[in-house]
Asks: 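Can you read through this structure? Questions will come right after.
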Protein chains: 2
Amino acid sequence: MAKKRTTTLKELANELKLSISTVSRALNDHPDISPATKEIVKNLAKKKHYAPNLFARGFRSQETHILGVIVPNISHLFTSTILKGILEEAEFRGYRVIISESQNNESKQIEMLKTMTQFGVDGILMSLAKKTAALDAILQILNHKPMVLFDKVSDKIPCTQIVIDEEEAAYNAVEHLINLGKKRIAILKETENSFNSEKRYAGYLRALRNNEIAIDEKIILSTEDISLKNGSRLTRMLLSLKKRPDAIFAITDNAAIGAIKALHKFNVKIPQEIAVVGFSNSVNSTIIQPALTTVDQPGDRIGRTAVAYLIKEIENPDNDEAIKTVEIKTSLLVRDSSFTA
Amino acid sequence: MAKKRTTTLKELANELKLSISTVSRALNDHPDISPATKEIVKNLAKKKHYAPNLFARGFRSQETHILGVIVPNISHLFTSTILKGILEEAEFRGYRVIISESQNNESKQIEMLKTMTQFGVDGILMSLAKKTAALDAILQILNHKPMVLFDKVSDKIPCTQIVIDEEEAAYNAVEHLINLGKKRIAILKETENSFNSEKRYAGYLRALRNNEIAIDEKIILSTEDISLKNGSRLTRMLLSLKKRPDAIFAITDNAAIGAIKALHKFNVKIPQEIAVVGFSNSVNSTIIQPALTTVDQPGDRIGRTAVAYLIKEIENPDNDEAIKTVEIKTSLLVRDSSFTA
DNA sequence: CTGAAAGCGCTTACAG
DNA sequence: CTGAAAGCGCTTACAG
């Protein structure tokens with residue numbers, strides 16, 4: 001179907017025998033324009049379904065009111081919760097959002113960053129792809145556009161970063177296990193130096209030290225991809241140890257669920273013999289039996305906060321001290337996998 | 001931090017003492033320009049990190065290469081799979097994507113449709129909000145912009161629609177139960193006339209009729225919101241019947257999982273006493289015990305197909321016969337909730 | 001081979 | 001109170 005063009009200011013002006021300027025001002029309620037003129041103009045505009053071409057307006061003012069968002073994987077539940085927060089807050093403040101997925105691929109990430117800049121987004125929200133190493137391109141773009149990082153961040157990029165307080169969240173999770181009387185707490189974490197995994201590991205170590213529990217390398221297990229499958233695999237390794245752990249802290253819910261599945265297979269009682277704690281509060285954490293104790297990450301709030309800081313920077317471009325790291329507090333949701341009434 | 005403006009054609013032209021036209025042509029490899037000139041221009045462009053302002057280019061050519069997407073709820077796993085397909089296919093074809101969430105709110109949906117049109121998107125992909133009734137605004141926009149509906153669609157909107165073959169998928173699911181020897185198959189569906197619920201219900205009825213099984217209103221249950229909780233609630237109602245069903249077909253995985261949870265509570269053996277089948281292939285369907293038999297909806301393919309049809313329409317605006325309904329085939333994933341080896 | 005000019009739709013400082 | 005003109009960054013038909 002051939003599409004009609006949308007109505008423009010020019011068309012309205014021609015039809016009313018007025019100048020484009022006058023029509024523009026009438027629609028924007030400029031005080032110079034007489035009420036009578038405003039009325040005729042507005043009526044015709046409504047009749048012809050006139051809507052200003054925001055593209056043209058933005059083009060002139062050099063502001064598009066579009067924010068660019070880049071995330072590694074759009075279908076992670078935690079990510080979509082953050083996106084939800086971003087979309088809501090952005091809409092509330094009169095901004096639109098372009099979303100891209102880097103698929104954890106560093107060169108795609110750079111390409112997307114460039115395209116977004118070319119599209120004239122007013123600012124960029126980004127969660128970094130794994131193994132992001134070459135920072136030049138990112139730093140280069142940071143010279144031109146405000147940027148806020150969230151969730152997967154890097155302290156080598158000088159911009160505002162919104163994260164959850166990973167270290168403390170992990171600390172609380174592990175201390176919870178200790179308070180239940182657990183003394184041999186295993187951790188399932190990532191091999192690579194991912195920011196999040198390292199922080200959670202640090203919280204684990206601090207909790208053990210603070211409570212004078214010896215650290216045992218044999219029950220500190222790592223994997224490339226901290227998935228359900230690998231959670232199961234590592235748990236089977238733990239079960240084959242001479243001295244089994246009495247609790248497992250997995251740095252993702254998926255891995256924790258994998259752990260539970262493995263424990264079921266070997267008829268290990270949860271939480272009596274081995275308690276399990278995850279991290280994320282994914283939907284799955286309430287589907288699995290027993291329901292999983294986990295860290296609730298307020299994705300929604302991370303998204304909203306990131307947008308708030310980004311817009312602040314966009315609208316006050318000369319505020320140099322704006323750069324900081326914001327840590328969003330989490331809470332531990334205690335469920336049956338770690339606790340019996 | 002005050003941000004530097006990005007390099008423009010004008011700056012390059014000034015620095016090289018050439019005209020803007022020549023610089024533009026050189027960068028676009030226009031045959032008229034001498035190789036020597038091209039070389040100097042391209043070198044300076046690279047040095048100054050020149051990237052064309054796509055906004056300005058699009059503004060001139062009246063094509064933005066942006067697609068607008070509106071979905072009811074971004075955090076449904078099925079939705080994010082579709083979005084993934086959309087993002088990938090769009091990127092592959094050189095389009096960017098703006099995503100909005102209508103939150104199942106009809107007036108928000110209209111507003112977003114309008115804003116997207118104002119932003120000059122080249123076309124719109126939409127999954128309708130529940131209870132979408134006022135179609136005027138949508139039809140009005142359809143006059144100006146190519147649109148493709150997916151998943152939640154309406155045959156009252158004359159545009160291409162991409163759906164899964166809901167009726168057949170449900171038919172196959174129910175027939176699978178019948179083939180297992182089940183004779184009293186309950187259905188858990190939605191009260192409102194949602195397109196998807198109705199189609200699945202139709203498939204259910206056809207499967208029973210085709211296999212000469214009497215239809216019993218007592219085991220056809222409906223609810224406003226087909227959630228996990230309501231799945232449990234309706235299942236408890238089924239268990240209180242004098243003649244219990246021997247199978248439950250729930251039109252969503254969530255409801256099916258709710259059903260399984262209720263059956264567990266009442267120590268009903270799955271699938272021997274009551275088999276359960278869901279619809280969606282959500283992650284949860286493999287987490288629940290027993291693993292849920294369900295309909296695999298290829299969200300990725302829906303997304304890709306929708307983009308393909310939309311771009312076809314954008315790029316061939318005068319093709320009137322383009323309007324059609326595309327039904328994507330699904331497959332039934334048989335798991336332990338309906339089958340024992 | 002290169003340049004001057006028009007134009008995409010809009011806003012706004014400058015005249016009148 | 002209203003209008004003519006410039007300009008946002010780019011492309012392209014028209015001259016030369």
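These numbers were taken from a predicted model, which means no experiment stands behind them. Below, chain A is the first sequence line, B the second, and so on; all start at residue 1.
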Asks: Report the residues that fulfil ring-ring contact (aromatic ring centres under 6.0 Å, His included) with Tyr95(B), sequence neighbours left out, ordered by chain and then residue number.
Replies: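 For Tyr95(B) the ring-ring contact (aromatic ring centres under 6.0 Å, His included) partners, ignoring immediate neighbours, are His65(B).
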Asks: Less than 4.0 Å between a side-chain N and a carboxylate O, is that true for Glu15(A) and Lys48(A)?
Replies: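 Salt bridge present between Lys48(A) and Glu15(A).
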Asks: With P as the reference atom in both, quote the distance from dA4(D) to dG7(C) in angstrom, rounded to an integer.
Replies: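 It comes out at 16 Å once rounded to the nearest Å.
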Asks: Please determine if Lys84(B) and Glu88(B) form a salt bridge, counting it only when a charged side-chain N lies under 4.0 Å from a carboxylate O.
Replies: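 No, Lys84(B) and Glu88(B) are not salt-bridged.
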Asks: With heavy atoms of chain B within less than 4.0 Å as the criterion, where does contact along DNA chain D begin and end?
Replies: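 On DNA chain D, the outermost contacted nucleotides are dC8(D) to dA13(D).
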Asks: Using a strict cut-off of less than 4.0 Å between a Lys/Arg side-chain nitrogen and an Asp/Glu carboxylate oxygen, indicate whether Asp29(A) and Lys42(A) qualify as a salt bridge.
Replies: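 So Asp29(A) pairs with Lys42(A) through a salt bridge.
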Asks: Can you name the one residue among Met116(B), Met126(B), Lys114(B) that meets side chain to side chain contact (heavy atoms under 4.5 Å, CB included) with Ile141(B)?
Replies: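 Among Met116(B), Met126(B), Lys114(B), the one that satisfies the side chain to side chain contact (heavy atoms under 4.5 Å, CB included) with Ile141(B) is Lys114(B).
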Asks: Sequence neighbours left out, what passes side-chain contact (heavy atoms from CB on, under 4.5 Å) with Thr132(A)? Give chain and number order.
Replies: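 With neighbours one apart ignored, the set is Glu106(A), Gln109(A), Leu128(A), Ala129(A), Leu135(A), Ile138(A).
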Asks: Go through the structure and list residues passing salt bridge (Lys or Arg N to Asp or Glu O under 4.0 Å) with Lys152(A), not counting sequence neighbours.
Replies: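 Counting only residues at least two positions away or on another chain, Lys152(A) forms no salt bridge (Lys or Arg N to Asp or Glu O under 4.0 Å).
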Asks: Less than 3.5 Å apart, any donor N or O on the side chain of Asn104(B) or Ser102(B) sitting next to an acceptor on the other?
Replies: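 Distance-only check fails for Asn104(B) and Ser102(B).
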Asks: Map Ser21(B) and Ala56(B) onto DNA chain D by nearest heavy atom, then report which one ends up closer to the 5' terminus.
Replies: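 Its nearest nucleotide being more 5', the pick is Ala56(B).
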Asks: Reading DNA chain D 5' to 3', what string of ( ), [ ], | and . shows its pairs, if Watson-Crick and G-U wobble pairs count only when both distances fall under 3.5 Å?
Replies: |||.||||||||.|||
Asks: Locate the shortest heavy-atom distance separating Val163(A) from Asp151(A); write the atom from each residue and the value.
Replies: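 Shortest heavy-atom contact: CG1-O, 3.9 Å.
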Asks: Contact list please: residues 26-54 of chain A against DNA chain C, heavy atoms, distance less than 4.0 Å, in numerical order.
Replies: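 Per residue number, the list reads Asn28(A), Tyr50(A), Pro52(A), Asn53(A).
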Asks: Do Ser21(B) and Ser24(B) have a side chain donor and acceptor closer than 3.5 Å?
Replies: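 On atom types as modelled, these side chains do not qualify, holding no pair under 3.5 Å.
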Asks: Pick the nucleotide of DNA chain C nearest each of Ile20(B) and Thr7(A); which residue has the one closer to the 5' end?
Replies: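 Nearest-nucleotide comparison on DNA chain C picks Ile20(B).
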